[in-house]
Structures are given as C-alpha cells and as structure tokens.
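This report refers to the structure that appears directly beneath it.
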Amino acid sequence: MSKYNSSHYQDFTSLDQWLYYLENLHSSEIDLGLSRISQVAERLTIDLSFAKVITVAGTNGKGTTCAFIENSLLSCEHLGSQRSVAVYSSPHIKHFNERLRINKKDVEDQPLIDAFKQIEAARKEISLSYYEYTTLASLLVLMDVKPSYIILEVGLGGRLDATNIIDADIAVITTIDLDHQSFLGNDRESIGFEKAGIMRQDQDIVIGDTNIPKSVLAYANKLHENRSDRIFSRGEDFVVNNGQDHWSWQTKNTQLAELITTYIPRDNVATALMVLEALNLTLTAEFVNKIISITKVPGRTELIKQVNHCDVILDVGHNPQATRYLSGYLKQVKKQAGYQNIYAVVSMLGDKDISASLQPLKNDVDFWYTGALSVPRAATKETMKNELALFTDAINCFDNVDEAFKMANKRAGASDLIIVFGSFFTVANIRSQLTTC
C-alpha cells in the first residue's frame, strides 16, 4: 500500500513522488485491456490527429526500429525545418523521462507532473496501471507540444496494449517470437494475432518478420481486402540482400546498394526503411548510410570501452530470439576484434524462459557470472545458477548482479570481452557503473 493516496495528490511537487504513488496504485503491474484507459482517455479528450502517427509492435527490435525512423525524419531536409518528431517507448534504462523524447530530448519533469494531475482528476473511480497512467501522461504532453510525427512503441503485445487506444497512420510489426507467453499465447501464431491487433483499416501496414505468421497476414488481409497495396511485407514487398562487406535493400520503387554495416540489427533497419518509403520519403544510399552511421541505441549491443581495461557490451536481450541474434553478433565481434575470452554477466526476470534464452550462448561464453536483481519479478540467484548448470560448470554466483559484474570486471583481462544481458534491469544496473566514451 502506498504511503500516498489520491486525496492529497495535489501536494506532490516532484516526479519521484508521483512515480512512487503510481507504482503502488494498481493491483497488478501488468493488466492488459483497453476498457479502463479508453474511458479515462475519453474524459481527457485524447486526440493526436494533428500528427502522423506510427505504432511499432514486435517481440524484438521495436526500440531500434523507432530510433532509425526518428533519426531519418529529423535528418530529412525536404520535410522542412519546422518538423518535430516524438517517440514514446518503454521501459527506461536510467531515468523515467527517457520514455518520451521530442526531437531526441527527454521530456522535462514538469509537463509530466501537470499531466499526472489532469489524469488523477479525470480518472475518479477508475483504477489505472502504472503503464496505462504513464502512457496517458505522455499523450497529454504530446497534445500540448503537437509534434509533426509521433512514434509509439508498443509495451506488450499490441491488441490490448495501452498505446492501442490511438489509431495510427502506419502500423509496424518488427518480429514475432516467444515471449510473455502467459499473456500472449504459447506459439508464434497466437502471439502474432495479438501483435496484429494494432492494425486498422485505411492505414499502411509494414511487417518486417522474415517468417511471417499466417495469423498476421490473415489479420492484415482481412482489413485490406481490396487494398493489398497498403500491406508491405518482408520478402515480398521489400527485400534484403546480404553481401560480405555491404548489403542492399530494394522495393519495386527503390533500390539501395552498397549499404554499410549497421550498429543496430540490420533487419530492423530494413523494416524502418519500408516505413520511410510508405511515408513517401526519397531514399538514397548516401542518406541511408548517414542514418546508419548515427543510429545507436543504449542497451542494444552497446559497446563501452573502458580505459585500460576490457570492453563491455550491454544488451537488453531477454528472450530466445534476442539471444540467438546476440550469439551471432558475439561471433562476429570476437572474430573482428580478436577477443580472447568472453565473460557473461546475466540476470533475468523469473517469468521469462530462462533456459531457452541462455542456451543460444552456451558455446560463445567462456565464464558466466550471475546474481539476483532487486525487483519483485526477478529470478533468484539459485534459479539462475541452476539454469546455467544445465550446460556449463564455469559459473560464478553472487548475491546480486552488481557484485557479479564487479568480479567479472576484475578478473577479465584487457583482451577479453564482457557481455551484460538478460533484462532492462540488468543493463540499467551495470550501465550506471560505466562511463561511455
């Protein structure tokens, strides 16, 4: 039970007070459904019709896809100097304000505080989850700022996610794989149906998965029975050709060759490019390579070089699809940089498929370090140790993940690499101990 109650919310003067209140306000952390938030949104007259809205769903790759679209829109000169681009995403890594950025600048505290007050006055008898509350607050801030483009990253699933109260101009699905099965279903077809729920009639639909579930295509085709030209799917409407040093991307209207190596997953760049073409942006290889070179996202294969010590890569990957990608990435960077040993620091949430998420990396990691996270849903250190013991004896277990990283960092040599992964919480804990170059 919170030490605060709604009777004196007007006394809250700081963002921290509000966030503490919201964390303890609702009965459960995850509570999917649009009934509650829709009622409050109607009372608040939520309306984003002034902007071009892009909603991005998917198991993995949402944040990086959003970032590439954002950088492209801000860098495209022919859109005019008055354009502005906002991105709403979650969760954050360090500061709550990271969840809403406008022209790449995190929102200030006061607009959020003002929005929270409006919501508290409007919701009355309706209980809202932390995520629903903060989504509404971000929408209120956006209504005040009125950016030209709004990119909404779906939090969980799609059909019942709080962001889905907004009818977007473009619906994007990055990838479909197993995660959050207790909420979304136990197979890709079921999960695909939930994510396809962001789709609407009279909008463009971009599907980036390389193996698109039938449920996603069926949902899209039902909405666009007579307008298949508004559905853009990977492999049919846009194609990627991978070369040894460069890669290419093409549609029936555009062909981009000699594209450079990406910092974020190439598949997500390919999906973002299709969104940009759907927005009628003129794409050239020179322009795309410029955006590739500047698009890096904190916590997504983020390389941090420590002075006089080993390199560290931070990645929020927390499901089997993400760690399969991470395995391929580690093989590539180990070959390129000549790292000797790879030390892994990992901690996950207990409701994740820990075993399936660790298995893809069993042949890439030489030494494992683990400990518990200090959040309610965290897996215990014993659980992490037992899951690792299924395929390795090189386990170092500590009371918490911070101690695990400190010891790995102490033991790793200058020619070694530390990979930190397993959760946003894991990356947030360790990132705060490091200084980026």
Side-chain angles (χ1 to χ4, degrees), residues 60-61 63-64 67-68 92-94 98 244-245 260-269 292-319 321-348 357-371 373 384 388 392 394-398 400-437:
N60 294 299
T64 50
F68 196 91
H92 58 276
I93 290 182
K94 187 174 182 181
E98 297 168 22
Q244 185 172 356
D245 299 316
I260 61 176
T261 301
T262 61
Y263 292 104
I264 64 174
R266 185 176 296 178
D267 287 341
N268 302 335
V269 174
I292 288 174
S293 69
I294 64 172
T295 304
K296 303 177 182 179
V297 180
R300 279 75 163 186
T301 57
E302 179 184 12
L303 175 64
I304 295 179
K305 290 185 172 291
Q306 300 186 92
V307 178
N308 300 321
H309 204 46
C310 69
D311 294 346
V312 179
I313 289 176
L314 304 174
D315 193 87
V316 296
H318 53 265
N319 56 53
Q321 185 185 52
T323 55
R324 289 195 299 270
Y325 173 82
L326 190 55
S327 173
Y329 178 81
L330 288 177
K331 288 180 174 66
Q332 179 183 351
V333 297
K334 185 175 183 179
K335 181 179 179 181
Q336 291 174 343
Y339 295 120
Q340 289 190 349
N341 296 301
I342 295 181
Y343 290 68
V345 176
V346 60
S347 192
M348 299 184 67
S357 299
L358 295 174
Q359 285 287 335
L361 294 165
K362 65 181 181 180
N363 296 322
D364 301 301
V365 174
D366 299 287
F367 305 102
W368 292 86
Y369 289 74
T370 191
L373 293 165
M384 292 302 305
L388 287 167
T392 182
I395 308 168
N396 301 271
C397 189
F398 299 85
N400 57 68
V401 72
D402 299 290
E403 292 179 6
F405 175 76
K406 288 175 182 176
M407 188 55 67
N409 204 27
K410 181 178 179 180
R411 292 178 179 172
S415 60
D416 297 326
L417 172 69
I418 298 177
I419 172 69
V420 178
F421 76 101
S423 170
F424 275 86
F425 297 106
T426 307
V427 168
N429 277 26
I430 306 310
R431 198 172 190 272
S432 65
Q433 301 179 32
L434 299 169
T435 302
T436 56
C437 297

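- Remark: side-chain polar atoms of R324 are not paired, donor with acceptor, to backbone N or O of A322 under 3.5 angstrom.
- No side-chain donor from either of N409 and Q433 sits under 3.5 Å from a side-chain acceptor of the other.
- Residues F398 and Y369 form a side-chain contact, since some pair of their non-hydrogen atoms from C-beta on lies under 4.5 Å apart.
- Put simply, the side chain of S347 never gets that close to the backbone of V401: no donor and acceptor are under 3.5 Å apart.
- Proximity of a side-chain donor or acceptor of T323 to a complementary backbone N or O of S357 within less than 3.5 Å is detected.
- Put simply, OG1 on T64 and CG on N268 are 3.5 Å apart, with the number rounded to the nearest 0.5 Å.
- Here CG of D402 is found 5.0 Å from CD1 of I430. Values are rounded to the nearest 0.5 Å.
- A donor-acceptor contact closer than 3.5 angstrom is absent between the side chains of D267 and Y325.
- For the pair Y343 and R411, the tightest heavy-atom approach, listed with the atom from each and the gap, is OH-O, 3.6 Å.
- In this structure, NE2 on H318 lies 6.5 Å from CG on N60, to the nearest 0.5 angstrom.
- Under the 4.5 Å side-chain criterion, counting only non-hydrogen atoms from C-beta, V316 is in contact with R300.
- The two residues P298 and I93 have their closest heavy-atom pair at O-CD1, 3.4 Å.
- One distance of note links CG of L388 with NZ of K362; it measures 12.5 Å at 0.5 Å rounding.
- Interatomic distance, C397 SG to E403 CD, rounded to the nearest 0.5 Å: 10.0 Å.
- Using modelled atom types, no side-chain atom of Q332 and backbone atom of Y329 make a donor-acceptor pair closer than 3.5 Å.
- More than 12 heavy atoms of other shown residues, nucleotides or ligands fall within 6.0 angstrom of atom NZ in K334.
- In this structure a side-chain-to-backbone donor-acceptor pair under 3.5 Å is present from D366 to I342.
- For the pair Q306 and L434, the minimum side-chain heavy-atom distance is below 4.5 Å.
- Few gaps surround NZ on K331; more than 12 heavy atoms of other groups in view lie less than 6.0 Å from it.
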Please table the atom pairs, donor to acceptor, closer than 3.5 Å between any side-chain atom in residues 412-425 and protein atoms at least two apart or in another chain.
| from | atom 1 | to | atom 2 | distance (Å) |
| --- | --- | --- | --- | --- |
| S415 | OG | Q340 | OE1 | 3.4 |
| D416 | OD1 | N341 | N | 3.0 |
| D416 | OD1 | N341 | ND2 | 3.4 |
| D416 | OD2 | G413 | N | 2.7 |
| S423 | OG | F425 | N | 3.0 |

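- Inter-residue side-chain proximity for T262 and F68 is flagged as unmet; no heavy-atom pair is nearer than 4.5 Å.
- Taking the side chain as every heavy atom from C-beta outward, M348 and T426 never approach each other to under 4.5 Å.
- The closest donor-acceptor contact from the side chain of S432 to the backbone of N429 lies under 3.5 Å.
- From L326, atom CG reaches atom CG of D315 across 5.0 Å, with rounding to the nearest 0.5 Å.
- In this structure, the side chain of N396 engages the main chain of W368 through a donor-acceptor pair within 3.5 Å.
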